[in-house]
There are 2 protein chains.
Amino acid sequence: MPPTEDLELALRGAALRVTRPRLAVLDVLRGHAHATTDEVLNDVRDRLPEVSHQAVYDVLRALTAAGLVRRIEPQGSVARYEVRVGDNHHHLVCRSCGTIADVDCAVGSAPCLTPAEDHGFVVDEAEVIYWGLCRACSAAPPVLPTLVTTPERGTR
Amino acid sequence: MPPTEDLELALRGAALRVTRPRLAVLDVLRGHAHATTDEVLNDVRDRLPEVSHQAVYDVLRALTAAGLVRRIEPQGSVARYEVRVGDNHHHLVCRSCGTIADVDCAVGSAPCLTPAEDHGFVVDEAEVIYWGLCRACSAAPPVLPTLVTTPERGTR
DNA sequence: CCGTTTACTTGACTCGTTCAAGAATGCACG
DNA sequence: CGTGCATTCTTGAACGAGTCAAGTAAACGG
């Protein structure tokens with residue numbers, strides 16, 4: 001059982017109760033960036049076999065609301081979560097296999113960009129998703145060697 | 001009934017068959033940016049009362065695959081569609097009411113940004129979503145006057 | 001006009017996520 | 001170091017956007 005004292009501190013710092021499901025979820029996410037709810041559930045059950053899926057949903061929502069985890073939801077993917085927060089980094093997403101990689105923000109702190117025209121909006125964050133093909137998929141294209149630009153699903 | 005000859009040309013230009021559901025969907029989207037599938041369905045039924053929801057799903061998929069419409073899917077929202085394509089513009093989304101506004105790309109043509117580190121990805125597009133509060137919501141905050149930065153739900 | 005291909009209708013179904021009610025647990029306070 | 005209350009977790013049902021599948025209708029090239 002790895003030390004989870006820092007996780008406990010993180011929870012207390014966010015005024016959240018310290019529970020085993022919450023510690024487990026944080027610990028899982030620490031070792032598995034961009035995990036889906038389902039993946040989190042499975043990994044958590046390796047440690048706490050009895051947790052309900054609802055508990056994981058609740059925990060992820062609480063942690064997200066508290067700012068301890070970030071929820072990302074790229075086109076066509078289910079929700080994914082990561083513990084890397086507060087640095088406003090961005091994501092590279094592979095159109096073919098769905099792999100996600102982190103990219104440091106090119107500009108600085110949030111909002112790292114400001115829109116050309118803000119239409120009266122008060123902007124607090126710029127979310128950037130870079131779409132393309134990961135190294136493996138661009139080396140061995142699945143079906144069409146050309147036409148990378150086509151919004152093809154890789155979702156099947 | 002407005003002239004739809006240009007829409008017909010657009011379909012033919014994309015090597016798509018010209019059908020009434022397709023013309024209607026394009027026409028609806030032309031007048032209603034960022035409409036959800038359901039909104040498109042309703043608006044289309046004002047003209048063609050008998051279209052099935054499946055037809056609208058199929059049409060939207062075909063048009064998206066052909067590049068005639070763009071699909072956007074901000075956090076917590078269902079899929080939305082727009083006919084403005086080819087200029088790689090971005091979106092402002094209100095965290096509170098969900099309103100979406102278009103913003104011209106600050107930089108240039110796609111991919112308007114390049115990631116600091118590409119992790120071997122071949123990037124073809126940078127999708128940017130500016131999160132904040134629209135003019136109305138920032139003037140009359142729903143619940144919390146402060147703490148705009150908090151990842152608060154406005155999703156309901 | 002005819003036949004083939006592609007699109008649409010109908011209706012059932014999947015899957016991620018949420019709702020609701022009750023049992024269990026964390027934790028502030030005495 | 002109990003005890004009580006609020007919060008969280010369990011259980012199980014429900015919801016809704018989107019998809020699948022089989023059959024009918026409509027484009028459009030010949």
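Because the structure is a prediction, the values reported are computed rather than measured. Chain naming here is simple, since letters A, B, ... match the order of the sequence lines and numbering starts at 1 in each.
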What is the distance, rounded to the nearest whole Å, between atom [atom1] of [X] and atom [atom2] of [N]?
X: B:Q54; N: D:dG23; atom1: CD; atom2: P; value: 16 Å
X: A:R80; N: C:dT17; atom1: CZ; atom2: C1'; value: 16 Å
X: B:E50; N: C:dT10; atom1: CD; atom2: P; value: 7 Å
X: A:H53; N: D:dA13; atom1: NE2; atom2: P; value: 11 Å
X: B:R22; N: D:dA27; atom1: CZ; atom2: P; value: 11 Å
X: A:R61; N: D:dT8; atom1: CZ; atom2: C1'; value: 13 Å
X: B:L60; N: C:dA7; atom1: CG; atom2: P; value: 14 Å
X: B:E73; N: C:dG16; atom1: CD; atom2: P; value: 14 Å

Query raised in the report: Between B:R71 and B:E73, does at least one N-O distance fall below 4.0 Å, as a salt bridge requires?
Result: yes

Query - B:R70 with B:E127: basic N within carboxylate O range, under 4.0 Å - result: no

Query raised in the report: More than 12 non-hydrogen atoms from neighbouring residues, nucleotides or ligands closer than 6.0 Å to CZ on B:R135, yes or no?
Result: no

Query raised in the report: What does A:A79 touch in the nucleic acid at a heavy-atom separation under 4.0 angstrom: a base, only the sugar-phosphate, or nothing?
Result: sugar-phosphate

Query raised in the report: Looking across every strand, which nucleic acid part, if any, lies under 4.0 Å from B:T36 by heavy atom: base, sugar-phosphate, or nothing?
Result: nothing

Query raised in the report: Once each nucleotide of nucleotides 25-30 of chain C is scored for protein heavy atoms under 4.0 Å, what B/S/- sequence comes out, 5' to 3'?
Result: -BS---

Requested in this report: Output every pair passing side-chain hydrogen bond (donor to acceptor under 3.5 Å, both in side chains) with a member in residues 13-25 of chain B, not counting sequence neighbours, ordered by first then second residue.
Outcome: none

Requested in this report: Taking only the side-chain nitrogens and oxygens of B:T37, find out if one of them lies under 4.0 Å from OP1 or OP2 of D:dG18.
Outcome: yes

Query raised in the report: Are A:Y57 and C:dT17 close enough that a side-chain N or O sits under 4.0 Å from OP1 or OP2?
Result: yes

Report task. Supply the members, apart from A:I72, of the Ile/Leu/Val/Met/Phe/Trp/Tyr cluster built from side-chain contacts under 4.5 Å; use none for a lone residue. Result -> A:V93, A:I100, A:I129, A:W131

Report task. Mind listing the closest non-hydrogen atom pair of A:F121 and B:C134 along with its distance? Result -> CZ-CB, 3.6 Å

Report summary line: Closest to the side chain of B:V78, out of D:dT11, D:dA17, D:dA21, is D:dA17

Query - Selected nucleotide, minimal atom distance to A:V59 side chain, candidates D:dC9, C:dT9, C:dC8 - result: D:dC9

Requested in this report: Apply side chain to side chain donor-acceptor pair (under 3.5 Å) to the pair B:H34 and B:D102, showing each step before the final yes or no.
Outcome: CA-CA 9 Å; B:H34 317 129; B:D102 286 345; 2.8 Å; yes

